[in-house]
Amino acid sequence: MSNEPSKPRRAVRRQRSIYQVHYALPRRSTEDMATPLLTPCAGLALSAFGLQVAGHRKTEDTKFTGLLQCNGTVLKPILKESQKREVDFYTRLKSTTNPDLIELRSYVPKYYGCRKFTYKGFEQDYIILEDLTQRMLEQCVMDVKIGKRTYDPLATEEKIKSETSKYALCKQQYGFCIPGYQVYKLATGKLLKFGKDYGKKLHGHMVREAIRNYLNGVGAPLCRALILQFLSELWKIQKWARRQTAVRLYSTSLLLVYDATRLRDCCGETDDALVSRSKCRTAPVTRRRSIHSLHPLGGGSFSGQLSPRGPVYKKLTSVPITPLKTARDSFTPPPAIKSPWSEALDKLNTNHSFEHNYEDKLSKIKMNYRALLDELSSDTPNPNPWAAVKIIDFAHAFFNDDDDDATVDENFKQGIDSFVEIFEGFLKETDSQVA
Ligand SMILES: O=P(O)(O)O[C@@H]1[C@@H](OP(=O)(O)O)[C@H](OP(=O)(O)O)[C@H](O)[C@H](OP(=O)(O)O)[C@H]1OP(=O)(O)O
Ligand SMILES: Nc1ncnc2c1ncn2[C@@H]1O[C@H](COP(=O)(O)OP(=O)(O)O)[C@@H](O)[C@H]1O
């Protein structure tokens, strides 16, 4: 099979959101995707995935070994034996009846199957996965490889040696390492990228600082709503890792993603100087509260408090709806946003007539508000997530089929515990934001 258009199928018509229409994004799927799409990329153009922060990337004369993208999915090439194991992993996860593995399904990207595609004249097999960055405008992505030990039981002496020597200090000290990340800085809108060479030098306090930098928390306070979104997912993964005995995960990664555009809206710059920015963040009375800080977990029930036994949850009532008239009267437009989008808009303005600029600006403003409305009126139980964390890369995952050998995967668990601890420290730093 190739990515040529197949027989046209009659699509079920569903209303597209304004986000999808204006940003040409794929439809939002509401169900937990266990059913693979039959032809998610049929007839559509493939391109190199520009948001890959780690992993195989070398382009050789014969084959492109990096990820591709298409229609809200990423395509991961299957070249090595270990990558075939990853296909087996996803296939088995899809049909499993084991409760630990069923739960794991919600912590990994949606899997749409595996098929052949032709890219740059070369046909090869690809795993098709949900693109975790889809619908994000300024994608901040961090790959965190979990475990002191990153080689599997089938590794050769040579592989054991090379894995043991890579990121050695960081893995010893933290039980994880950081092969790469990218972040859009809130203050400048600039994209910064940090690759493997940088990641391999990280150790000691630099590790925490790298994560802080990823969270846009260097030179500015960390955003509590962002930390909470990550922690709510991390705690679930941690709870699972402490209990599960079904699988051993060597060299898997946590993939953290968030949208800097939404962070700016939630905890970002006001028009004033940095001083008022930190005031805005730390003084809850004067701080503009977005829907995310009201419902930081996107519908979850974390109270914002940590007890010695972990997160304290509370019952949530529905979000109070402001009467339309009050909302209209108290309406003030949001502050100007400095980002690649605003820069693109500025460029556009210098190239067109005033009249055209005016109309264009107006339509952009409309588009932003309609997108916001679209999100606020969403009827999904998880209305506003703009940060997520999933486990990826299962080339070295092994199922535990022998009940007698059913023990917790300490290597994975310790790495997760250590990563969660860093985030809990960050959460404490933001306690004053809810004082
Ligand atoms: O493909 P390469 O040469 O970049 O090496 C991969 C590593 O890149 P790096 O050495 O850090 O540049 C890569 O490391 P990162 O995860 O990118 O740090 C993996 O170790 C990969 O092994 P596997 O596919 O997980 O078994 C490594 O693949 P193998 O060389 O083990 O096949
Ligand atoms: N589902 C996904 N959505 C978005 N980005 C992804 C996804 N899977 C992988 N990536 C990107 O590709 C990189 C490499 O992915 P990974 O599965 O670890 O490949 P490899 O086996 O080559 O190491 C990740 O660091 C991330 O940037």
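Positions are given from 1 along the sequence.
Of the charged side-chain nitrogens involved, at least one lies within less than 4.0 Å of a carboxylate oxygen, so that R243 and E103 count as a salt-bridged pair. Under a 4.0 Å N-O distance rule, the pair D417/R242 qualifies as a salt bridge. No salt bridge links D125 with R115; every basic N to acidic carboxylate O contact stays at or beyond 4.0 Å. The residues E429 and R212 are annotated as salt-bridged, a charged nitrogen and a carboxylate oxygen being separated by less than 4.0 angstrom. Under the 4.0 Å criterion applied to side-chain N and carboxylate O atoms, R248 and D152 are not assigned as salt-bridge partners. Salt bridge present: E86 and K76 bring a charged side-chain N and a carboxylate O closer than 4.0 Å. Between D88 and R92 no salt bridge is recorded (no basic side-chain N to carboxylate O distance below 4.0 Å).
Under the rule for a side chain to side chain contact (heavy atoms under 4.5 Å, CB included), the partners of Q69 that lie at least two apart in sequence or sit in another chain are S47, F49. Not counting sequence neighbours, the partners of L192 by the side chain to side chain contact (heavy atoms under 4.5 Å, CB included) test are V183, K185, F194.
A salt bridge (charged side-chain N to carboxylate O under 4.0 Å, His left out) with E138 is found for exactly one of K190, R264, R262, namely R264.
Note: Y174 and F176 meet the aromatic proximity criterion, with ring centroids under 6.0 Å apart. Annotation: Y90 is in aromatic contact with F394 [ring centroid separation under 6.0 Å].
Side chains of N213 and Y181: a donor-acceptor N/O pair is present below 3.5 angstrom, by distance only.
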Q. Is there a salt bridge (Lys or Arg N to Asp or Glu O under 4.0 Å) between E163 and K159 once you walk through the steps?
A. CA-CA 6 Å; E163 285 299 322; K159 179 72 178 167; 2.8 Å; yes
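Formation of a donor-acceptor pair under 3.5 Å by the E233 side chain with backbone atoms of L228 is not found in this model.
Taking the ring centre of F89 as origin, the terminal cationic atom of R85 falls outside the region bounded by 6.0 Å and 45° from the ring axis.
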